[in-house]
Number of protein chains: 2
Amino acid sequence: MGILRKTKNLETILDIFRQSNEALSANLLFERLHERMNRSTVYRLLERLEDDGILHSFASMDNVKFYALRQDCISSGDVHSHPHFQCTSCNQVVCLEQEVVFPTLNRMRIEEAQIFLKGQCNSCLSQ
Amino acid sequence: MGILRKTKNLETILDIFRQSNEALSANLLFERLHERMNRSTVYRLLERLEDDGILHSFASMDNVKFYALRQDCISSGDVHSHPHFQCTSCNQVVCLEQEVVFPTLNRMRIEEAQIFLKGQCNSCLSQ
DNA sequence: CAACTAATGCGACTATGTTGCAATAATAAA
DNA sequence: TTTATTATTGCAACATAGTCGCATTAGTTG
């Protein structure tokens with residue numbers, strides 16, 4: 001797949017992700033667009049942006065799919081992944097920078113890894 | 001909350017979890033019961049068993065809530081968690097035994113952690 | 001065994017996500 | 001610039017996961 005046409009909707013969504021380092025669910029994005037974009041379009045654009053490697057996705061602890069801009073990652077034979085963090089006070093979800101490497105275990109081949117953390121973020125702690 | 005009455009439905013669900021070390025979603029459980037229990041009852045019992053500390057839950061990468069028997073865990077000041085693993089061939093979800101400890105980071109207070117891994121399990125690899 | 005009330009089944013509902021189809025708009029070709 | 005092509009969009013209907021109120025059923029206690 002990948003992006004074929006550079007549409008206004010696509011640019012609008014990309015701008016929102018570029019304006020902050022937050023991760024967003026389809027619904028949060030939909031709200032932030034003041035519902036001026038069709039719900040299916042939001043879902044379809046998120047999927048296309050992920051296919052194209054511009055966004056990546058992960059599941060929150062509440063079973064909601066979140067998307068964030070894909071950062072460059074280290075490459076090696078092992079599977080690696082950065083943790084995702086949700087603040088229990090302000091509810092913001094962000095990608096953490098520190099990569100975690102999962103060595104291949106002897107009994108199973110690990111192909112994908114996801115770490116999700118919950119707690120209090122820096123700015124909520126200092127209030 | 002917690003369990004107040006020991007009903008047939010409760011025993012049925014507990015037996016299914018005790019018969020294997022698999023983790024199950026509400027729907028997998030519902031199927032395994034040959035749909036002989038009401039869907040709401042399944043959800044309510046899973047919630048109650050979790051409140052009571054008998055089951056624990058986690059989100060799969062497909063944003064589905066899974067439940068498994070709670071094992072005894074190490075206790076310390078740090079947050080700890082065992083990873084969950086889903087085989088991409090047979091789709092089984094299991095808890096891994098190795099606990100992972102998350103030291104408290106300087107910038108945020110971590111209260112909960114979840115690790116989800118995907119890959120090929122031992123028995124699928126050796127086929 | 002009677003009384004109390006937690007647990008259940010039912011149906012309606014919400015939230016999240018998907019799909020087919022006709023209309024629209026981005027791009028390529030003339 | 002204009003036209004032709006077809007990816008993208010909005011709409012509506014659908015699918016799946018999960019929740020809730022309420023009347024009935026069935027554990028538990030005395």
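Owing to the predicted nature of the structure, the values given are computational and were not obtained by experimental measurement. Here is the naming used below: chain letters follow the sequence lines, and residue numbers restart at 1 for every chain.
Computed from coordinates, the Tyr43(B) OH to dT14(C) C1' distance equals 13 Å when rounded to whole Å. When the P atom of dG9(C) is taken as reference, atom CE of Met37(B) falls 7 Å away, rounded to whole Å. Atom P of nucleotide dA15(C) and atom CZ of Arg39(A) are separated by 9 Å, given to the nearest angstrom. Here dT19(D) presents its P atom at 15 Å from CZ of Arg48(B), a figure rounded to the nearest Å. Here the P atom of nucleotide dG18(D) and the CG atom of Leu45(B) are 15 Å apart, to the nearest Å. In this structure, the CG atom of Asn38(A) is 12 Å from the C1' atom of dT18(C), given to the nearest Å. Following rounding to the nearest Å, Glu50(B) (CD) and dG18(D) (C1') show an atom-to-atom distance of 14 Å.
Using a 4.5 Å heavy-atom threshold, the side chains of Met108(A) and Asn122(B) count as separate. With contacts defined as side-chain heavy-atom distances shorter than 4.5 Å, the pair Val93(A)/Phe58(A) qualifies.
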Detail all sub-3.5 Å separations between protein N/O atoms and N/O atoms belonging to nucleotides 13-16 of chain D.
none

Using a cutoff of under 3.5 Å, can you pull out all pairs of nitrogen or oxygen atoms linking the protein to nucleotides 27-29 of chain C, with atom names and distances?
unit_1  : atom_1 : unit_2  : atom_2 : d
dT27(C) : OP1    : Lys6(A) : N      : 3.0

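In this structure, a donor-acceptor pair under 3.5 Å is absent between the side chains of Thr7(A) and Asn9(A).
Of the listed nucleotides (dG17(C), dT9(D), dT8(C)), dG17(C) has the atom at the smallest distance from the side chain of Lys65(A).
In terms of position on DNA chain D, the residue among Arg44(B) and Arg44(A) whose nearest nucleotide sits closer to the 5' end is Arg44(A).
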